[in-house]
Amino acid sequence: MKTDKSEPERKNLPASEPASVETAPVSNFIRDIVKDDLATNKWDGRVVTRFPPEPNGYLHIGHAKSICLNFGIAAEHNGTTHLRFDDTNPSKEDVEYTEAIKRDVRWLGFDWGDKLFHASDYFGKFYDFAVQLINDGKAYVDDLSADEIREHRGTLKDPGRESPHRNRPIAENLDLFHRMRAGEFPDGSRVLRAKIDMSSGNVNLRDPVIYRIKHEAHHMTGDQWCIYPMYDYAHCVSDSIERITHSICTLEFEDHRPLYDWYLDQLGVYHPQQIEFARLNLTYTLMSKRKLLALVEEGVVSGWDDPRMPTLAGLRRRGYTPESIRDFCERIGVAKRDSVVSVALLEHCLREDLNKRAPRVMAVLRPLRLVIDNYPEGQTEEFDAVNNPEDPSGGTRKIPFSRVIYIERDDFNETPPKGFFRLAPGKEVRLKHAYYVTCQNIVKDDKTGEVTEVHCTYDPESRGGGTPDGRVIKGTLHWVSAEHAIDAEVRLYDHLFAKEDPEEGEDFRQNLTPNSLETLTDCKVEPSLAKAAAGDRYQFLRHRYFCVDSGDSKPGHPVFNRTVSLRDTWAKVQKSQK
RNA sequence: UGGGGCGUCGUCAAGCGGUAAGACACGGGCCUUUGGAGCCCGCAUUCCCAGGUUCGAAUCCUGGCGCCCCAGCCA
């Protein structure tokens, strides 16, 4: 993969505060449970959590919430957090994903130390425990087909029926299970099931499958196994083996908790507490891994790290900072009620962080030539420009100025609407860091009528941006000297989905924003950007925040991704005038 | 009465029997060499509804109503 070094990224950004002191932790019910447990010494003073992704896709912002929660709670109490790959289904999983997941967790700012595990590390133990269940008469081999098992399971309202194989002698179960493992039976021909209660109101307890046969190679264990354990069984036993204290998962697993508890109780082993919280939903954001995969596979986006994706890899490439994501995860809180957080909050967290850290720079996205008629031809001078008014230690840089410059097309209007205080015929504006200029006349294209050039005069007295007479100039424009400008490509991203709820309607694809990527190839940026490196973040003055693309940017041809816009009061005013 | 969970501002969310935090969004003002940032002010007499207990209820009890999840050999 292209870029992924949090190292170089860190280098040219001011050091960030460590996660622990960013903000005082907000109270939530899980923190309360942990605090209580510590007070009653339930776990001998230990706090051990785990983040258990399945390596079948990339991590997204929803996972970030879980990561921050698990690592955060442990860190607050001097505990540890395990990174454990829940890799019990070889048909869906891949090493590409495990590497991406590790990279993303690290980038977010968390460290699992030597606590890196895989459920597949425990395949041997899982097998032995299963044998124990059989020996205790708590599990049996079922010969029913998948369809038959479903049929026997009953419905939500009607109880299920017991399998005819349910009361097989222990010895026979043992023999069959050994032979399942030995590879004697084809996929789907038999399963190992827990013997619980076919009439339970909780469907999960109607003799759930423990092991299924899959003659498939596993990315960690190769072809050592042809039977693989199911999630419910593998997860609780893994937690037990690792002596997890608080096993935090999302709400949909609430119904599984009785099963989690059942396995551990029957096995008579160490028993962590499962706690469920509401997963993160964001407006305009698709959070389903399966559907995100579809976008990648169908080429709707350029990959898992496309800057429009809600994946951590995508957000990183877009220019998000790990600090802003952590701050966001802290601010949204943790509770049990289903909710949809406004994406505006995420963007706010980003802007707040970038405002403090991103150097200001001048870039003209849609250039319009401006000629200063009374400025000597061939003359060049330099101005000192503050890199970041929010950061006194940010220093200054030199910006070259000359007779012909580029300004933003939007910053000139031949027939200015009310309240427009940028450039217009006869009007005077300030060129940031430079001089005041007054528009004297314009040049238009004969055919299209489009303004192709603006002619101005400058006031030599206004050097630096002020005049002795102290006259008030409301409009300040950014600009780039034509002969010194660097050509750049700029990619403007919009929300991938036009609907607040991307899942609305029959097919989420119908809710895609028609043009969520607009590429501008004729941009002019100030020469200091020649040294911009992949991942560097800037504020293009008066525009928004941009990040040097880590995939396609090259030394002679920088490519910038729009990270997030600046607040735009003028746009708001215009909107309200309509 | 299939089982499980949840209902506090537009959106998140504190609150744990003592009289509704905070954030985002929104509206108004100040300030400004970014229409940025910053600063100030405003924004739930009321907590899904109805009863009850109590000197006192968002918090406890009872009964409704609404929303979410579950019938993979996925996780």
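The chains referred to below are lettered A, B, ... by the order of the sequence lines, with proteins before strands, and numbering in each begins at 1.
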Original post:
Any side-chain N or O of A:Arg337 under 4.0 Å from OP1/OP2 of B:U8?
Top reply: yes
Subject >> Watson-Crick or G-U wobble mate for B:U1, both contacts under 3.5 Å >> reply: none
Original post:
On RNA chain B, nearest-nucleotide positions of A:Ser342 versus A:Ile473: which is more 5'?
Top reply: A:Ser342
Original post:
If you look at every strand shown and take non-hydrogen atoms under 4.0 Å, does A:Glu390 touch a base, only sugar-phosphate, or nothing?
Top reply: base
**OP:** Report the residue (A:Arg360 or A:Ser200) whose heavy-atom-nearest nucleotide on RNA chain B is the more 5′ of the two.
**Re:** A:Ser200
**OP:** Please determine if a side-chain N or O atom of A:Thr88 lies less than 4.0 Å away from the OP1 or OP2 oxygen of B:A75.
**Re:** yes
**OP:** Using only side-chain N and O atoms of A:Thr569, determine if any of them is under 4.0 Å from OP1 or OP2 of B:G36.
**Re:** yes
Original post:
Hey, does the side chain of A:His348 come within less than 4.0 Å of B:C24's phosphate (OP1/OP2), counting only N and O?
Top reply: yes
**OP:** Quick one: label A:Leu144 by what it contacts on the DNA or RNA (base, sugar-phosphate, nothing), any heavy atom closer than 4.0 Å.
**Re:** base
**OP:** Measure centre to centre between the rings of A:Tyr458 and A:Phe401, then say whether the value is under 6.0 Å.
**Re:** no
Subject >> Aro-ring/base stack A:Tyr231-B:A75, d under 5.5 Å, angle under 30° >> reply: no
**OP:** Would you classify A:Arg153 as touching base, sugar-phosphate or nothing, given that sugar-phosphate means primed atoms plus P, OP1 and OP2, and contacts are heavy atoms under 4.0 Å?
**Re:** sugar-phosphate
